[in-house]
Amino acid sequence: MSDFPSFLSALRPEVDETLDRLLPDAGTEPAELHEAMRYSVFAGGKRVRPALVVLAGEAWGGAREDLLVGGAALEMVHTFSLIHDDLPALDDDDLRRGRPTLHRARGEAMAVLAGDALLNRAYEVLGREPAGAPPERRLEAVRVVGDAVGTAGMIGGQVFDLRHEGDLAVGGPAHPGTVGSLERIHRLKTGALIEASTRLGGVYAGAGTEGIEQLGRIGAELGLLFQIGDDILDEVGSSEELGKTPGKDRQAGKLTYPGLFGLEVSRKKALQAADRCLVLIEGLPSRGDLFRALVAFLVHRGS
């Protein structure tokens, strides 16, 4: 199968089944918390990050049942980030994945707690599963995700995003310092977790230091490509396509590729990231066809 959307569609029920197994039942006390966690996790996400864990791990011969556990944990982390990102103190959004954001549906306090609980649950899962994996492999999985989420990763990227909110004068010159800030925000806020996805697949598959580093470099370029595409879609997409409110980044004066460079140059930069990624993919032992299909998929969504 060299069609990435088909791979994603076929894998999603397996990811959802794993998430359903690993999350507390909605009726387990405190029921309102567990229901809120499930409201956001099962809100219709595409499951790109779990798919990357599976794809990267299978490239090195990893067992899918092990890789699905890591993928589910990363989806919990990703959902935590979306819940908190939508809060009034951050992006203040009313719509996520085509339905009311959690704080609109269940209140701000429950949204904060559900996000906290999902992040904690992810680390619980990474620390204890897969039960048959060597302990050092599970420990490395926790380290990879912890590094990606922390102050030198996604949460740090969110801080830099807040620091530079309102900095962008639309149509203004691309000041070198501003360009550097934009790249740092994107590589941390979005790219760190996507890079962790490919690294995590390598960890579970026992790909070794060089293999995991190669997968990490692929993930870093995929993360940049993904975020440039998101920036473009925020400018030209609809709420139906995005599952969230379009145009909010521009209204908030956030640093984005189209805001800084315009749409045409942003698309060229996406193609450059895609080219770098394709070179790295050539060295994979297998699954190169699906990785190339993924690159094409990401280029197309931002076209």
Side-chain angles (χ1 to χ4, degrees), residues 40 48-49 52-53 70 73-93 96 101-103 111-127 139-168 174-200 202-203 212-213 215-231 234 244 248-249 252-257 259-260 269 273:
S40 290
V48 170
R49 288 153 191 83
L52 284 173
V53 176
L74 270 186
E75 189 66 16
M76 293 179 204
V77 173
H78 177 53
T79 306
F80 138 75
S81 75
L82 299 180
I83 292 170
H84 282 198
D85 200 38
D86 289 334
L87 287 167
L90 294 174
D91 280 358
D92 192 15
D93 215 329
R96 172 65 69 178
T101 48
L102 186 58
H103 69 277
V112 170
L113 292 170
D116 290 346
L118 282 169
L119 180 60
N120 189 69
R121 189 69 169 189
Y123 287 126
E124 290 176 25
V125 168
L126 291 166
L139 180 61
E140 180 66 7
V142 172
R143 187 195 66 77
V144 165
V145 177
D147 286 349
V149 174
T151 57
M154 183 178 70
I155 293 173
Q158 181 71 69
V159 172
F160 291 127
D161 191 35
L162 286 172
R163 178 186 294 176
H164 293 283
E165 191 170 289
D167 279 4
L168 185 61
H175 186 275
T178 308
V179 173
S181 297
L182 171 64
E183 291 176 351
R184 178 169 63 175
I185 289 167
H186 279 7
R187 288 199 179 272
L188 296 182
K189 186 180 175 185
T190 300
L193 203 58
I194 291 179
E195 180 179 344
S197 302
T198 53
R199 283 185 179 273
L200 195 58
V203 168
I212 293 168
E213 285 304 312
L215 288 168
R217 290 193 296 273
I218 290 171
E221 296 300 341
L222 286 173
L224 182 59
L225 177 56
F226 187 91
Q227 187 57 55
I228 294 174
D230 255 16
D231 283 358
D234 187 69
K244 59 183 179 179
K248 286 186 68 69
D249 290 346
K254 285 182 177 286
L255 289 177
T256 68
Y257 273 84
L260 206 53
K269 288 185 175 294

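Residue Leu74 comes nearest to Val145 through the heavy atom pair CD2-CG2, 4.0 Å, listed as atom of the first residue, atom of the second, then distance. The two residues Ala273 and Leu224 come nearest to each other via the heavy atoms CB-CD2, 4.3 Å. Closest heavy-atom contact between Leu255 and Ser181: CD1-CB, 3.8 Å. Across all non-hydrogen atoms, the minimal contact from His84 to Gly115 is NE2-CA, 3.6 Å. Heavy-atom minimum distance, Ala148 versus Ala196: CB-CB, 3.5 Å. Residues Gly153 and Leu188 come closest through the heavy atom pair O-CB, 3.4 Å.
Here Arg217 does not pair with Glu195 in a salt bridge; the nearest charged N to carboxylate O distance is not below 4.0 Å.
Taking CG from Leu118 and OG from Ser81, the interatomic distance works out to 10.0 Å, rounded to the nearest 0.5 Å. Taking NE2 of His78 as the start and OG of Ser40 as the end, the distance is 11.0 Å to the nearest 0.5 Å. We find the CD-CG distance between Glu124 and Leu119 to be 10.5 Å, quoted to the nearest 0.5 Å. Distance check: Leu162 CG to Asp91 CG gives 8.0 Å after rounding to the nearest 0.5 Å. Going from atom CD of Glu75 over to atom CG of Leu193 covers 9.0 Å, rounded to the nearest 0.5 Å. In this structure, NZ on Lys269 lies 7.5 Å from CD1 on Ile228, to the nearest 0.5 angstrom.
Ile212 has its side chain out of reach of Glu140: every pair of non-hydrogen atoms, C-beta onward, lies at least 4.5 Å apart. Within the 4.5 Å cutoff, side-chain heavy atoms of Leu52 are placed close to those of Leu222. Contact annotation: the side chain of His186 never approaches that of Phe160 to less than 4.5 Å [non-hydrogen atoms, C-beta and beyond]. The shortest distance between side-chain heavy atoms of Asp230 and Thr190 does not fall below 4.5 Å. In this structure, Asp85 and Arg96 have side chains that are in contact, with non-hydrogen atoms separated by less than 4.5 Å. Looking only at side-chain heavy atoms (C-beta outward), Arg143 and Val203 stay at 4.5 Å or farther from each other. For the pair Ile83/Thr79, a side-chain contact is recorded, criterion being any heavy-atom separation below 4.5 Å from C-beta on.
Within the 3.5 Å criterion, the main-chain N or O of Tyr257 finds a donor-acceptor partner in the side chain of Asp231.
Taking the ring centre of Phe226 as origin, the terminal cationic atom of Arg49 falls inside the region bounded by 6.0 Å and 45° from the ring axis.
Checking Val112, Leu102, Asp93 one by one against Leu87, the side-chain contact (heavy atoms from CB on, under 4.5 Å) holds for a single residue, Val112.
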